[in-house]
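Notes follow once the structure below has been shown.
Order of the sequence lines sets the chain letters (A, B, ...), proteins ahead of strands, with each chain counted from 1. Both backbone and side-chain heavy atoms feed into the values below; hydrogens, waters and symmetry mates do not.
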Amino acid sequence: MGASAFSLQVLNPEQSKAVTATEGPVLILAGAGSGKTRVLTYRIAYLIREMGISPQSILAVTFTKKAAIEMRERIQKLIGEVHGIWIGTFHSSFAKILRWESAAIQYSPNFVIYDTDDQNRLIKMIMEELNVPATRFHPKAVQSAISHAKNSLVDPEDYFNQSGSPFQEAVIRIYPEYQKHLRQNHAFDFDDLITVPIQIFKQHPHILEKYQDRFEYVLVDEYQDTNKAQYELIRYVSQKKRNLFVVGDDDQSIYGWRGADIHNILNFESDFPEAKVFRLEQNYRSTKNILAAAHSVVSRNQGRKVKKLWSENPKGEKIEIWEVDDDREEAYKAVEKVQEEVFKNKRSFRDFAILYRTNAQSRSLEDGLRRSGISYIIVGGVRFYDRREVKDVLAYMKLIVNPRDTVSLKRIINYPARGIGDASLRKVEKWSRENERPLFAALAYIDEIQGLSSRAKAGIKSFHDLIVKYTALTNKISPAELTHTLVEDSGILRHYKEDMSPEGQMRIENISELLTAIRDYTEETEKPSIAGFLEEVSLVNDVDQWNDKSNAITLMTLHSAKGLEFPVVFITGVEENLFPLSRSVEKKEDLEEERRLFYVGLTRAKEKVILSWAQNRRLYNNIEARLPSRFLDELDESACEFISSRSIRSMSDLYETADREFNDAMPDYESFSQETGSGRLLAGQWVLHDMFGKGQILNVQGYGEKQMVTVRFKNGIQKKLIVKYAKFKSIV
DNA sequence: CGGATTTAACTTTTT
DNA sequence: GTTAAATCCG
């Protein structure tokens, strides 16, 4: 086993001190690119190897699954395979504990986790019940108010004291009902995964003690992103041994809107007076110019700990600031720049990231990239597991695991259509309320429910039988087999197969993809279960799945980019009212958070940064004149170079060239893309498809299992195909 | 009453 | 460009 790599010699003095200060609370203020993950992993390795601490006594929490996986892999590289360390996200770690301790709060261990969409559906149902018109208050707004309350540890009862606006009055009525329904459904929302463990720990000291004794060393990554609930939870768990090690950077706190409380890091020293504090200020990532620019921006914030990154890296190129005509040109110029860099400086496409403030901006960039034929990956936007058809199948699975989940039940009882309309469902609901039986149980009593049509009765019966049948099968066949037969048996697949439109085809492909994911899960997991799969699915995000293996440009929001690095970074749409967003400029704290977000974006870059703003931008279907962002004025001018597009080429030239390139032939990027392995698909390649014949790849999207290509075939048909399922081979 | 089709509204960032 | 609500049709 290659375990010999572990030595503290490679650390700088501050890093080394941080790693070896094992006892008592420790705060590490780790600037961007200062080796934060390195310190975390070396510390865990040090605890195990040098201190002889049992891996089982270590709890490390992160915010993303990707960070957790990376940490695990790097520890393994240092000291070889270690079993029993808890490394996971806040949500997944405590969801696990909740499954074990669910009996303490009278929940089924098969509880389901509601995502935002499920939450909104539930809130909408409650609002109907309470006669709160959804037209006056958006269920979404109510949901976020409740979420915010939970993150700040405000109970439904506490909420009563906050009355004021009519909206708050409405939330006061909805919040307790919402909580009651979650309980009835044996469901938790995301926030409950943090707050409910706190309640359990408070009410059952012996349970708390079990975990306090177990976790002798607790480590928290991205500490600046913790909210009040997470902070309390960590405090509970680490209270006894007091070996709490937190790593964070107040300058990178960008989740205030999600309840993250920057005071958790600013007040760490007063909360833990015996705390040791170490600062990591040497940056190993970026050029001096990039750091100077980043510092000039973020140092304008008032609520921050004073620090300044330094680096031994070269000065590097100046930051380019582009003034472009519109979003279309912005995309086109970025493409052009990428091509130039690939040719001149021998870069790979994977060296580039294009970042933006809002997901909506990805569209024009995507258009530009598609025209050019360069492959790209979009991280974020609509998640795979959020697609309608995927959620429909998942709802069936949720209901089979947990029949009390009425949100899922109502989602699918008439999907595909079984002749059960709104009116029939209302009658069943009424019966279930009056007889105090769960909604699913009521489905078995159709003969006692008045006024149901025979069509509705037949539909309800077949639905009920279906779910009962599969519930009985859960212990007999594997999750993969079960879902496979389920999508056919339920009629979901048939429903889409009859739909010959391209959307219907897409949906079938997405369902097959889901089945593949379940098959993979079943094969990879020791004790696969549907509940286990559902939990995994509800706690992943797109960045978790992103990897840099395929040679493509990455497009993502600035938020998603946190924790990542790229040689070249574009930040687009650096305009007033977009970045910073218009609603953020009024409150000082919000503006400072936007500024930190800009700082995060700048410090993702190792070598080169390009900022662009457009004079005109298409927003919500109309073209708007734009002004450069105030953040551009805040940049250290000596590190920047201003470029106006007019000095290069006229607009009409640009578009003509773009159209010509698109209409003629695809440029052959393969000739200068360094690592085009034989199996790799790239835009411009020709393929032969079993059904459609010869075609050319216009665009490659995604990676691995989920990789999709857009192909234009000789007969003029353009199709989007999932590589894994599409029957084609590449031809030279 | 149920299902399909059309219309309208909406886009900050996400575990 | 996507999805939920309103409208229409059988």
Would you call [X] and [Y] a salt bridge, taking side-chain N to carboxylate O under 4.0 Å as the test?
{"X": "A:Arg411", "Y": "A:Asp117", "answer": "yes"}
{"X": "A:Asp225", "Y": "A:Lys562", "answer": "yes"}
{"X": "A:Glu624", "Y": "A:Arg618", "answer": "no"}

- [ ] Establish, with yes or no, whether the OP1 or OP2 oxygen of B:dT11 is under 4.0 angstrom from a side-chain nitrogen or oxygen of A:Lys140.
- [x]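 For A:Lys140, the contact criterion (side-chain N or O under 4.0 Å from OP1 or OP2 of B:dT11) is met.
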At 4.0 Å (heavy atoms only), tell me whether [X] reaches a base, stays on the sugar-phosphate, or touches nothing.
{"X": "A:Asn359", "answer": "sugar-phosphate"}
{"X": "A:Asp115", "answer": "nothing"}
{"X": "A:Phe190", "answer": "base"}
{"X": "A:Ser424", "answer": "sugar-phosphate"}

Open item on the list: Taking atom types as they are modelled, would you say the side chain of A:Arg357 forms a donor-acceptor pair with the base of B:dT13 within the 3.5 Å cutoff?
Closed with: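 Under the 3.5 Å cut-off, the side chain and the base do form a donor-acceptor pair.
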TODO: Answer yes or no: side-chain N or O of A:Trp257 and base N or O of B:dT12 forming a donor-acceptor pair under 3.5 Å.
DONE: no
Open item on the list: Could you report the tightest heavy-atom contact between A:Ile126 and A:Tyr178, atom names first, then the distance?
Closed with: CD1-CA, 3.3 Å
Task: A:His495 vs A:Leu597, nearer the 5' end of DNA chain B by closest nucleotide - done: A:His495
TODO: Measure from the side-chain heavy atoms of A:Arg583 and tell me the nearest of B:dT14, B:dG3, B:dT12.
DONE: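 In terms of side-chain proximity for A:Arg583, the closest of B:dT14, B:dG3, B:dT12 is B:dT12.
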Open item on the list: Of the options B:dT12, C:dA4, B:dG2, whose atoms approach the side-chain atoms of A:Thr358 most closely?
Closed with: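 For the A:Thr358 side chain, the nearest candidate turns out to be B:dT12.
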- [ ] Taking Watson-Crick and G-U wobble pairs with both distances under 3.5 Å, convert DNA chain C into its dot-bracket string, 5' to 3', dots for unpaired and | for cross-strand pairs.
- [x] .|||||||||
- [ ] Just say parallel, tilted or perpendicular for the rings of A:Phe579 and A:Phe598, cut-offs at 30° and 60°.
- [x] perpendicular
